[in-house]
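One structure is given here, and the rest of the page talks about it.
Source: prediction; values computed, not measured.
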Amino acid sequence: MRVATWNINNVIRRLDLLCSWLERTRPDVVALQELKTPTQDFPLQRLQALGYGCLAVGQRTWNGVALLARGHEPLPVATSLPGDAQDKEARYVEAAINGVLFACLYLPNGNPQPGPKFDYKLRWFERLRQRAQALWESGQPVVLMGDWNVVPTDADIYKPDTWRDDALLQPQPREAFAAILSQGWTDALQDARPKDRFFTFWDYRRKRWERNAGLRIDHILVGRSFKVENVGVDREERGRDNASDHAPVWAELRPTRSKRTPLAAKRTNEPDGPVPAKRRAPAAKSAPRSAPKSEERPEPLSHYNAKRDFTK
DNA sequence: ATGCCGAGCATCGCTCGA
């Protein structure tokens with residue numbers, strides 16, 4: 001299963017680029033952020049024509065998130081992040097797709113800091129931490145992906161000192177990101193290719209793309225039901241005319257366990273954390289990089305996901 | 001400290017993003 005996240009920076013303006021990328025790379029599930037369009041203006045028909053079911057949560061001018069699923073209609077689970085009924089910004093959507101729970105998130109940027117926007121970022125991050133904890137404990141197959149607006153370490157930016165006062169590098173959001181990872185999630189890019197340095201965002205200003213002055217702020221976090229087989233950043237998308245300032249981040253995931261294992265894990269009270277190697281499925285060293293066959297995917301859990309409201 | 005780019009809109013100048 002190939003999953004991807006892309007801050008598209010206006011889905012209407014970027015629609016031709018998005019469709020071209022979908023046709024070339026054929027991801028199974030895509031998380032989009034910064035749609036910058038009301039839900040009713042989301043380009044549903046163009047994406048459906050490419051075989052994608054869509055769940056969009058839009059908003060005029062700013063924000064907006066969507067989940068796209070090739071050959072499936074995403075089953076809505078949540079259209080906002082629990083924990084603050086006053087928060088009206090379209091930054092979170094969750095759906096069950098072919099038996100896997102996907103969250104698409106657009107974390108507040110937080111600049112300038114300190115200030116009310118940074119406070120909002122920290123509160124939002126804490127709500128996300130609690131949500132991620134609940135999803136981890138559900139035992140379901142889960143993938144969290146989006147624009148997290150956090151540079152996890154100084155190795156994830158071209159020159160940290162020029163950004164030292166920026167909200168993306170502050171200790172508090174970095175600690176919040178680390179706290180979510182410590183629940184047991186795998187940071188797909190970091191885990192699969194720890195020696196490589198990836199950037200996912202290059203500011204339009206100061207020729208930062210031309211200078212490869214980038215940041216890694218778009219992340220795919222994978223639950224214990226999957227092994228990360230391959231990852232990448234489609235950098236060429238950032239270099240195109242009329243491009244978003246972010247590039248797509250993708251990961252190839254392979255189920256690690258049988259369809260019953262999440263429930264078995266709950267019965268045995270397995271503690272949170274990485275799954276011991278002996279309990280993983282055998283490493284698929286010779287496995288092809290293409291998407292797994294349908295019979296290798298987890299059993300659909302729609303009967304479970306569709307009826308359970310995770311927002312309560 | 002500022003504008004640098006790209007975009008929206010209470011549009012020809014401001015705000016926002018990151």
Side-chain angles (χ1 to χ4, degrees), chain A residues 5-18 31-43 56-66 87-92 104-125 128 145-177 189 197-220 233 235 237-249:
Chain A
T5 183
W6 193 2
N7 181 321
I8 197 73
N9 187 13
N10 195 323
V11 71
I12 305 292
R13 289 205 168 251
R14 242 56 82 179
L15 187 56
D16 287 344
L17 291 171
L18 172 62
L32 299 176
Q33 303 84 38
E34 285 210 77
L35 305 179
K36 294 187 171 176
T37 186
T39 306
Q40 61 266 29
D41 294 344
F42 185 80
V57 179
Q59 189 172 14
R60 200 180 74 126
T61 309
W62 290 307
N63 307 321
V65 286
D87 183 0
K88 302 300 184 196
E89 299 193 11
R91 294 181 175 275
Y92 189 84
C104 169
L105 62 103
Y106 175 45
L107 216 134
N109 168 279
N111 278 309
Q113 72 83 29
K117 292 189 174 182
F118 191 64
D119 296 341
Y120 172 58
K121 177 178 195 166
L122 296 182
R123 288 198 309 275
W124 208 95
F125 228 141
L128 181 62
M145 50 186 177
D147 177 354
W148 296 64
N149 267 320
V150 61
V151 176
T153 72
D154 282 355
D156 298 304
I157 180 170
Y158 67 105
K159 191 170 16 169
D161 286 342
T162 60
W163 291 71
R164 194 57 75 191
D165 294 332
D166 192 279
L168 308 192
L169 276 72
Q170 294 313 299
Q172 301 99 313
R174 283 181 165 179
E175 287 160 11
F177 186 69
L189 259 59
R197 183 149 97 151
F198 291 102
F199 298 144
T200 68
F201 161 80
W202 298 258
D203 198 294
Y204 290 121
R205 290 168 285 192
R206 296 186 172 185
K207 300 194 181 301
R208 286 198 166 103
W209 168 245
E210 291 81 349
R211 297 189 290 122
N212 193 29
L215 290 67
R216 185 171 79 99
I217 57 178
D218 301 274
H219 308 299
I220 298 174
V233 175
R235 290 173 55 102
E237 300 306 319
R238 178 62 182 83
R240 299 189 191 283
D241 289 343
N242 197 37
S244 168
D245 42 3
H246 295 248
V249 180

Quiz item: Can you tell me which stems DNA chain B forms when a stem means 3 or more consecutive Watson-Crick or G-U pairs under 3.5 Å?
Solution: B:5-9 with B:13-17

Quiz item: Once you round it to whole Å, what is the distance between P of dC4(B) and CH2 of Trp209(A)?
Solution: 23 Å

Practice problem: Round to a whole Å and report the spacing from CD of Gln59(A) to P of dC9(B). | Solution: 11 Å

Quiz item: With a 4.0 Å cut-off on heavy atoms, is Lys117(A) in touch with a base, just the backbone sugar-phosphate, or nothing at all?
Solution: sugar-phosphate

Self-check item: Between P of dC16(B) and CG of Asn7(A), the distance in whole Å
Solution: 18 Å

Self-check item: Any side-chain donor near an acceptor of the partner, Asn9(A) and Lys36(A), under 3.5 Å
Solution: yes

Quiz item: Is there side-chain contact between Leu32(A) and Leu18(A), with heavy atoms separated by less than 4.5 Å?
Solution: yes

Practice problem: Determine the contact category for Asn242(A): base if any of its heavy atoms lies under 4.0 Å from a base atom, sugar-phosphate if only primed atoms, P, OP1 or OP2 are that close, otherwise nothing. | Solution: sugar-phosphate

Quiz item: What is the nucleic acid contact for Asn10(A), judged by heavy atoms within less than 4.0 Å: base, sugar-phosphate only, or nothing?
Solution: sugar-phosphate

Quiz item: Which residue lies toward the 5' end of DNA chain B, Leu107(A) or Asn9(A), if each is placed at its nearest nucleotide?
Solution: Asn9(A)

Quiz item: Is it true that a side-chain atom of Gln33(A) and a backbone atom of Asn7(A) form a donor plus acceptor pair closer than 3.5 Å?
Solution: yes

Quiz item: Between dA18(B) atom C1' and Arg205(A) atom CZ, what is the distance in whole Å?
Solution: 7 Å

Quiz item: Between the side chain of Trp209(A) and the main-chain N/O of Tyr204(A), is any donor-acceptor distance below 3.5 Å?
Solution: no

Quiz item: Under the 3.5 angstrom rule, does the side chain of Trp124(A) hit a backbone N or O of Pro108(A) as a donor-acceptor pair?
Solution: no

Exercise. Using a heavy-atom cut-off of under 4.0 Å over every strand shown, decide if Arg60(A) touches base, sugar-phosphate, or nothing.
Key: sugar-phosphate

Quiz item: Just by modelled atom types, is the Ile157(A) backbone N or O under 3.5 Å from a matching donor or acceptor in the Arg197(A) side chain?
Solution: yes

Practice problem: Using the P atom on both, measure dC4(B) against dG13(B) and round to a whole Å. | Solution: 14 Å

Quiz item: Over how many whole Å does the gap from Asp166(A) atom CG to dA18(B) atom P extend?
Solution: 10 Å

Quiz item: Separation of Asn109(A) atom CG from dC16(B) atom C1', in whole Å?
Solution: 9 Å

Quiz item: Please give, in whole Å, the distance from dG17(B) C1' to Ile8(A) CD1?
Solution: 16 Å

Quiz item: Do Arg238(A) and Val233(A) come close enough that some side-chain heavy atom pair is under 4.5 Å?
Solution: no

Practice problem: Check whether any side-chain N or O of Arg238(A) sits under 4.0 Å from OP1 or OP2 of dG6(B), and answer yes or no. | Solution: no

Quiz prompt | Which residues share a salt bridge (Lys or Arg N to Asp or Glu O under 4.0 Å) with Arg174(A), sequence neighbours left out | solution = Asp154(A)

Quiz item: For atom P, what is the distance between dG8(B) and dA18(B), given to the nearest Å?
Solution: 15 Å

Practice problem: Quickly work out the Lys207(A) NZ to dC4(B) C1' distance and round it to whole Å. | Solution: 10 Å

Practice problem: Please work out which residues in residues 152-161 of chain A have a non-hydrogen atom less than 4.0 Å from an atom of DNA chain B and list them by number. | Solution: none

Quiz prompt | Given dA18(B), dG8(B), dG6(B), the nucleotide with the shortest approach to the side chain of Thr61(A) | solution = dG8(B)

Quiz item: What distance separates Phe201(A) CZ from Asp147(A) CG, expressed to the nearest 0.5 Å?
Solution: 8.5 Å

Quiz item: When the nearest nucleotide of DNA chain B is assigned to Tyr106(A) and to Ala243(A) on a heavy-atom basis, which residue is associated with the more 5' position?
Solution: Ala243(A)

Quiz item: NA contact type, Asp147(A), heavy-atom cut-off 4.0 Å: base, sugar-phosphate, or nothing?
Solution: sugar-phosphate

Quiz item: Is the base of dG8(B) touched by the side chain of Arg13(A) through a donor-acceptor pair closer than 3.5 angstrom?
Solution: no

Quiz item: Taking the same atom, C1', in dA10(B) and in dC5(B), what whole-Å distance lies between them?
Solution: 23 Å

Self-check item: Pair Tyr158(A), Arg211(A): side-chain N/O donor-acceptor within cut-off below 3.5 Å
Solution: no

Exercise. Between dA18(B), dC16(B), dG8(B), spot the one nearest the side chain of Trp62(A), thanks.
Key: dC16(B)

Practice problem: Using the C1' atom on both, measure dG6(B) against dA1(B) and round to a whole Å. | Solution: 22 Å

Practice problem: Hey, could you give me the CG/CG distance between Asn111(A) and Leu168(A), rounded to the nearest 0.5 Å? | Solution: 6.0 Å

